[in-house]
Each structure stands twice: as structure tokens, then as C-alpha cells.
Amino acid sequence: MQRRAAVVGNWKMNGTIAFTQALTSAVCAGVTERDHNHTLACDVILCPPFTSLSTAQHHLAGSPVRLGGQNISEAIGGPFTGEISGSLLRDAGCSHVILGHSERRTLLGEQDALVARKMVAAFRDGLIPIVCLGETLAERTAEQTLAVIQTQLTALLALLPTAEEQRAHWVLAYEPVWAIGTGRHATPDQVQEVHGFIRKQLTDRLGTTIASSIQILYGGSVTPDNAAALFAQPDVDGGLIGGASLKAETFLAIIDAYPKNF
Ligand code: 13P
């Protein structure tokens, strides 16, 4: 099955209103032009901070660019001061939400079971979850990478909804913790090894058709210089981009790095 690729910009805790206006406008102009020229090979999703969602939504209207949040609460709504629900993100124009980013796992203590419940909440509220997985440097050095990935993935699969439409339409992002923001990306071979392992786990649990429709993104120090080699791997369906998504020029260059099979 032909999977559509995705390049996702995770702005993290960056993006004033003025910055959002400028960056969203520039990205949307570039993506719209590529779409018109039939050279756009992937979906493009911007994930600004909550405070900039409405500005981003305003500026991307009419373009193929889609909007995502960076986290949700597992709760439906109510007395949860400081939290944001999936339905509030939907209301703000989001189609996607990033969940289980290693910064949240490490800094805020989010564990596999909570990430899985947030995935369920995203599906419930009509969002496509982009769930992050990845090992630390110590875990890689101890040759625990695949075991760590399997544990994180197993927690998700245990709560994956039964509806085929949902099982087939979610996104996994392999982000080795040691590659995030360090300038040290995983090699294409390292990435393919983990992505191939994830695809095999998905195939064993969900069957070939569903497993082959799930997007698996790579994240961790992706730049215009290394994106093409990473995206050329058979199980790499695009990227989750941090630092390089904060400049239109570098983000668009990464979008252009996705191979065009049409
Ligand atoms: P960098 O691209 O800055 O390494 O960040 C990756 C990331 O964490 C995306 O979610």
C-alpha cells in the first residue's frame, strides 16, 4: 500500500504571535506553490504552542498545511487547570496532536501508560495522534534500543481502538533521545533498523494492510543536509522536525527532500 508521507514541524516552546504570522505565512506560501506545481510529496503539519494556534490557523487557511498541538490531557474537559483537551484542539483547528515526546516523558514524568491513554483521548476527540518513541543514549549503549521501543509500542497497542479506520490512521515518530537537539542524528541504517522493527511489530499485531498504512516518522536533528538520506529508507515516512522547523527556508528544504514517486 502506498503511504502518504508527512513532515511535521514541532515548534516546542517557541513562537510569539508575530513569529507565528511570519513563519506560517512563509511556510504556507512555499507549500501552496509546491502543491500547485505538483511537487509536494508529503503532508505538512505545523505544531506551534497553544497560544499561537489561532494565529497559525488564520494564516494557513486555504493552504494544504495542517495544524497540530503538542500535547493534550487525557480528560474530556472540566476542572483541570492549565490543561488542554483534544476537543479544544479540534475546536482550534487541529487535525493532529504530538503525544509522548521524550521532553515530556523525561521532564514531566509521562509514562507509557499515560501516553497510551492520551492516544485514546486523541482518537476519541477526533485527532490523529503522533506518538513519539525512542531510547536514551544509555539504553542504546546497553543494546536495549529494540527492547525499549517494544515496551513503549506494546503499551500503545494494548489500548489501540478496535475501529479499523482509527487503527490504520495514526502516526508513530521514532525520536532517539540522544539525537534530539544535539546535532547528532541517527544514521540512515540505525533509523531503518528501528523503523523496520516497528513495522514488523505492527504487522504481527495488526496485520499487513493496517501496518503498511501507518506512518512512521523519524525525528532528531533532521536538517536539509541529512533529510534525503533518512527519507530514502523504506520504512521512513517523513520527519518530525524541531529546530529546523523554526525557519521557513530549512523547513521547506526538508519538505523538498522527500522522494517524489509520481
Ligand atoms: P530537533 O530537530 O531540534 O533535534 O528536535 C527533534 C524533535 O524533538 C522533534 O519533535
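We count ligands from 1, going down the list as the structure has it; atoms in each ligand are counted the same way. What you see below is based on every heavy atom in this structure, not just the backbone, and it leaves out hydrogens, waters and symmetry mates.
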Query raised in the report: Taking everything shown except Glu249 itself, do over 12 heavy atoms lie less than 6.0 Å from its CD?
Result: no
Report task. Identify which of Cys47, Ser221, Ser245, Ala244 has a heavy atom lying nearest to atom 1 (P) of ligand 1. Result -> Ser221
Those atoms of ligand 1 less than 4.0 Å from some heavy atom in [X]:
| X | result |
| --- | --- |
| Ala179 | 4 (O) |
| Gly243 | 1 (P), 2 (O), 3 (O) |
| Gly220 | 4 (O), 6 (C) |
| Asn10 | 9 (C), 10 (O) |
| His101 | 7 (C), 8 (O), 9 (C), 10 (O) |
| Glu175 | 6 (C), 7 (C), 8 (O), 9 (C), 10 (O) |
| Lys12 | 5 (O), 6 (C), 7 (C), 8 (O) |

**Report entry** Heavy atom of the protein closest to atom 2 (O) of ligand 1 (residue, atom name, distance)
**Finding:** Gly242 N, 2.9 Å
Query raised in the report: Any idea how Tyr258 and Phe231 line up, ring-wise: parallel (<30°), tilted (30 to 60°), or perpendicular (>60°)?
Result: tilted
Query raised in the report: Taking the six-membered ring for Trp, are Phe19 and Trp11 parallel (under 30°), tilted (30 to 60°) or perpendicular (over 60°)?
Result: perpendicular
Give yes or no for whether the N/O distance cutoff of 3.5 Å, strictly under, is met between [X] and ligand 1.
| X | result |
| --- | --- |
| Ile180 | no |
| Gly181 | yes |
| Glu103 | no |

Report task. Answer with yes or no whether the side chains of Gln150 and Gln201 bring together a donor and an acceptor at under 3.5 Å. Result -> yes
Requested in this report: Taking Thr106 for its side chain and Glu103 for its backbone only, find out whether a donor-acceptor pair lies under 3.5 Å.
Outcome: no
Query raised in the report: Any sub-3.5 Å donor-acceptor pair from Asn226's side-chain atoms to Ser221's backbone N or O?
Result: yes
Query - Salt bridge flag under 4.0 Å for residues Arg90 and Asp125 - result: no
Query - Asp237/Arg199 ion pair, N-O < 4.0 Å - result: yes
